[in-house]
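Here is the structure we will look at.
Every heavy atom of this structure was used, including side-chain atoms; hydrogens, water molecules and symmetry mates were not. Note on naming: letters A, B, ... go to the chains in the order of the sequence lines (proteins, then strands), and numbering restarts at 1 for each one.
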Amino acid sequence: MLESYDPRAVEREAQDFWVGRRSFEVGEDAGKPKYYCLSMFPYPSGKLHMGHVRNYTIGDVLTRYYRMRGYNVLQPMGWDAFGLPAENAAMANKVPPAKWTYDNIAYMKAQLKSLGFALDWTRELATCRPEYYKWNQWLFTRLFKKGLAYKKTGVVNWDPVDQTVLANEQVIEGRGWRTGAVVEKREIPMYFFRITHYAEDLLATLDKLPGWPEQVKLMQKNWIGKSEGVRIGFECGKEILWVFTTRADTLMGATFCAVAAEHPLAVQAAQKNPELKKFVEECRKGAVMEAELAQVEKKGMPTGLHVTHPLSGEKLPIWVANYVLMGYGEGALMAVPAHDERDLEFAHKYNLPVKQVVQHPPGDPTAHGTLINSGKYDGLGYPQAVDAIAADLAKKGLGEKQVQWRLRDWGISRQRYWGTPIPIVHCAACGDVPVPDEQLPVLLPEDVVPDGTGNPLNKRASYVDTKCPSCGKPAKRETDTMDTFVDSSWYFARFACPGQDKSMVDERARYWMPVDQYIGGIEHAILHLLYSRFFTRAMRDEGLLPGMAEPFTNLLTQGMVLAESYYRDVGSRREWINPADVSIEKDSKGKIISAKTRDGRDVVYDGIGTMSKSKNNGVDPQALIDQYGADTARFYTMFASPPTNTLEWSDESVDGSYRFLRKVWDFAYKFSRASCAASADRKIRYQIHLELKKANDDIERQKFNTVASACMKILNALEELPEWDETSREGLSILLRLLSPIAPHVTHHLWRELKFGEDVMRAPWPDPDPAALEQDEIELVVQVNGKLRGSIRVPKAADRAAIEGLAMANPNVQKFVAGQNVKKVVVVPGRLVNLVV
RNA sequence: GCGAAGGUGGCGGAAUUGGCAGACGCACCAGACUUAGGAUCUGACGCCGCAAGGCAUGAGGGUUCGAGUCCCUCCCUUCGCACCA
């Protein structure tokens, strides 16, 4: 065997071996338990980033581990290939999005292969291929016929200069990213998926997902946002203003009503009131983003209209307020300033009355309590008050209990080219007609270069002009495409069915689904995961996935990979400098005091955040692979932190990972030339098996950083052996197997070189030997008043009295208890003794 | 603003159940080997202190024989907020 570690040669050799044996291609096998391990597929942005390396290494470690544990493991890979960046690249480089995307896929596929992931490439898919998106279209037509897909108007960001719809990320501080024009809200017709049909089930089933992080389940629960309340009608002349509230108990404290600027009452009132019209129009300026809306200063204007309080008969003014959202509830609310912080802020600003009606604990006006100043309802608690008030309202026909959801239906229309065409034909006579199955897929032309002014499909007569599938007369094709979240909502099921062109999925999906382990970034905790859960239900009800509701049994949400970012302002333009090109100076506390580029110009430190193209702070993993090899890149990303933590990038510590793999090689090299004694070393063997026991626990709880450090500890222990013996051989074979899921290439090579077997991946996973873990004596820590004062060795079977005696006899312990009364002795078996004086 | 998570040496992190805080590694420091060292090996390495010892897990308070871990208040960072993926 070679004396020194050459990652390049070792990795090529191992990868050739796997390809030659088709090691990762799997089929259905009734003889083994199946394990479907899936990492979120990448958007083909150009090259892999650190988040990908981390994500796919986590999946690969699990895949290789479960294979060695005897499971039939599927780990596929594909491309989330539709999306906005391809159109942006097209505008910048005058290249069709299709070509740009396919080129990126080719490059990134080579990168993934160089990292040695155990992927079944025979199942590769790209969502921009007709054979994939055909089934988006097919399912859309099914849902459309059932009413689960439907058309209504939705609000979008409109750039008045480019005459185009903007994505939220294309709106910067309320202005269009290319034109700088103030963005307006515009209502346009769109298609929606009726995800709210499944709201109750999506919420209730969260409790049956023990393999999901509590954090994610809680976020989804809050997002779905079931609230039980009362719908209350306020008479306004001949009309009724309906509001929804979860605090009907505070109805007697309502001092005004507020409606959204888009509310029909506001629009109507604005027609006769130029000042109000101006205000309503002002509310239409700016982006649709909720985060932005929530932070704008609360503003309002009276409509001049009044409503009648349904119980007191009092006249209350109606205001238009920019903090009322048209999309939630009725787009209107009753304001109770005394018991709602936002209403209070608004009331103070505009001098509106505040009337306390609930006796609340001091300092918490929004807490439930007993009613006061509420006439006949005085003295009631929250539930009784709500019941009584709802009943009285019901008698007048002005209220009823209602369940309200925060979850909205999913708008899937995008006024963009690079996505799945929505399979609808608009016919003057027949209306919106879904494209029949035999005419699917509606093909997206691939030779288009968008220019940023609207959807280029609109300008293609050959695409738009068609015949109505229903009556055969000339008609227009829908030019909107689907949200790319549609593509990623079912790809996991499609991976089970390569080559299937007769149906969306087939019976093979019943073998592989659900995904046993899904791995991806925490940033997908809500939308992607919720949409996938919705799709699985919709497909189930279409007969495609019988009996299945939940697509992902276990979910691992990896933390984001963060890096520092730096910029400098050049005129009005902000230039972002890659951290690799910045040298920094830190003070003794580690705070950055100055940052300069290589040529000595000052740059501004902008803090730490997600690696992103816009801040140019990405670290290219390719440089890491080129310099150290794939095994080091994999080992480092596992060792650096547990998968669920954020990972703050530092290239300084990569060296240590490389050094460790080299040490493994050096040890194996020396072993290959040594002759071993037949004896074993009890003490070192104990250490190795103890580390193995902990490492096996850590793999099960997905803490791969401590598995990596267990490998280091085992090697450190082996190096302490006074001579080559059976413990060296056993320890090395354990080390190579334990390390193989993380660093598969070097362990593959050494396993064969040392004649442990032909293929480490097919070796059984090591389990600790109980005999090696047996000990006659154990060490106990002795504390006095909770402070460490010494330690004692006691026989394993020692009783309490013997332990107390030994603890008291310890000289250092004596120093602290001498002459004092020992009031209490706490003995924690196997751990410690605490003497309280 | 709302929802969620996190904060431990100079740095990444460990401590699985309330029981030895800082495993393992990086950086730094000292030494050995060497023509050389950005290689390798040995040692030291939280802070204060000559030592005994004391202090220390974002800040402040509480529960407990014992708190990084549980409870309360506050501060900071990251993620999501429905057209980025």
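Among the protein residues, A640(A) comes within range of the sugar-phosphate backbone only, with heavy atoms under 4.0 Å from sugar or phosphate atoms but none that close to a base. P42(A) comes within 4.0 angstrom of no nucleic acid atom, judged by non-hydrogen atoms across all strands. Across all strands shown, L293(A) has no heavy atoms under 4.0 Å from either base or sugar-phosphate atoms. At the heavy-atom level, R662(A) lies under 4.0 Å from the strands shown only through sugar-phosphate atoms.
With 3.5 Å as the limit, one finds no donor-acceptor pair spanning the side chains of D480(A) and N455(A). A donor atom on one side chain and an acceptor atom on the other are not found under 3.5 Å apart for D666(A) and Y5(A). Using modelled atom types, one finds no donor on one side chain facing an acceptor on the other under 3.5 Å when comparing N104(A) with Y43(A).
A 4.5 Å side-chain heavy-atom check between L203(A) and L407(A) finds every atom pair outside the cut-off.
Under 4.0 angstrom from either OP1 or OP2 of rA4(B) there lies at least one side-chain N or O belonging to N222(A). Residue S653(A) places no side-chain N or O under 4.0 Å from the OP1 or OP2 atom of rG12(B).
K349(A) NZ: more than 12 foreign heavy atoms inside a 6.0 Å radius. Heavy-atom neighbours of K693(A) NZ from other residues, nucleotides or ligands within 6.0 Å: at or below the threshold of 12. Within 6.0 Å of CZ in R342(A) there are 12 or fewer heavy atoms belonging to other residues, nucleotides or ligands. Within 6.0 Å of CD in E777(A) there are more than 12 heavy atoms belonging to other residues, nucleotides or ligands.
Using bins of under 30°, 30° to 60° and over 60° for the plane-to-plane angle, the ring pair F82(A)/Y133(A) lands in the tilted bin.
For the P atom pair drawn from rC74(B) and rA4(B), the interatomic distance equals 15 Å after rounding to whole Å.
Mapped onto RNA chain B by nearest heavy atom, N645(A) and D697(A) fall at different nucleotides, with N645(A) at the one closer to the 5' end. For the pair N716(A) and V156(A), both in contact range of RNA chain B, the more 5′-proximal nearest nucleotide belongs to N716(A).
Looking at residues two or more places apart in sequence or on another chain, you find a side chain to side chain contact (heavy atoms under 4.5 Å, CB included) between V794(A) and I778(A), L780(A), I792(A), A798(A), I803(A), L806(A).
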For this session: Give RNA chain B the dot-bracket treatment, 5' to 3': Watson-Crick (N1-N3 with N6-O4 or O6-N4) or G-U (N1-O2, O6-N3) under 3.5 Å, [ ] crossing, | other strand.
Result: (((((((..(((......[....)))..((((.......))))..(((....)))..(((((..]....))))))))))))....
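When rounded to the nearest whole Å, the span between CD of E523(A) and P of rA82(B) equals 15 Å.
The R831(A) side chain lies nearest to rG19(B) when the options are rA15(B), rA14(B), rG19(B).
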Are any protein N/O atoms closer than 3.5 Å to N/O atoms in nucleotides 65-69 of chain B? If there are, list each pair with its distance.
residue	atom	partner	partner atom	Å
rC65(B)	O2	N834(A)	ND2	2.5

Polar atom pairs (N or O), protein with nucleotides 48-58 of chain B, under 3.5 Å:
residue	atom	partner	partner atom	Å
rG53(B)	OP1	K815(A)	NZ	3.0
rG54(B)	OP1	R789(A)	NH2	3.2
rG54(B)	OP2	R789(A)	NH1	3.4

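Residue pairs meeting the salt bridge (Lys or Arg N to Asp or Glu O under 4.0 Å) criterion with at least one partner in residues 77-87 of chain A, sequence neighbours excluded, do not occur; the list is empty.
Taken from CG in L218(A) to NZ in K221(A), the straight-line distance is 6.5 Å, to the nearest 0.5 Å.
Sorted by residue number, the members of residues 704-714 of chain A with any non-hydrogen atom under 4.0 Å from RNA chain B read N705(A), T706(A), S709(A), M712(A), K713(A).
Regarding the sugar-base torsion, rG9(B) falls in the syn class, its angle being within 90° of 0.
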Exercise. Run the side chain to side chain donor-acceptor pair (under 3.5 Å) check on T164(A) and D159(A) step by step: do they pass?
Worked result: CA-CA 5 Å; T164(A) 193; D159(A) 185 322; over 6 Å; no
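Proximity of a side-chain donor or acceptor of R54(A) to a complementary backbone N or O of G559(A) within less than 3.5 Å is detected.
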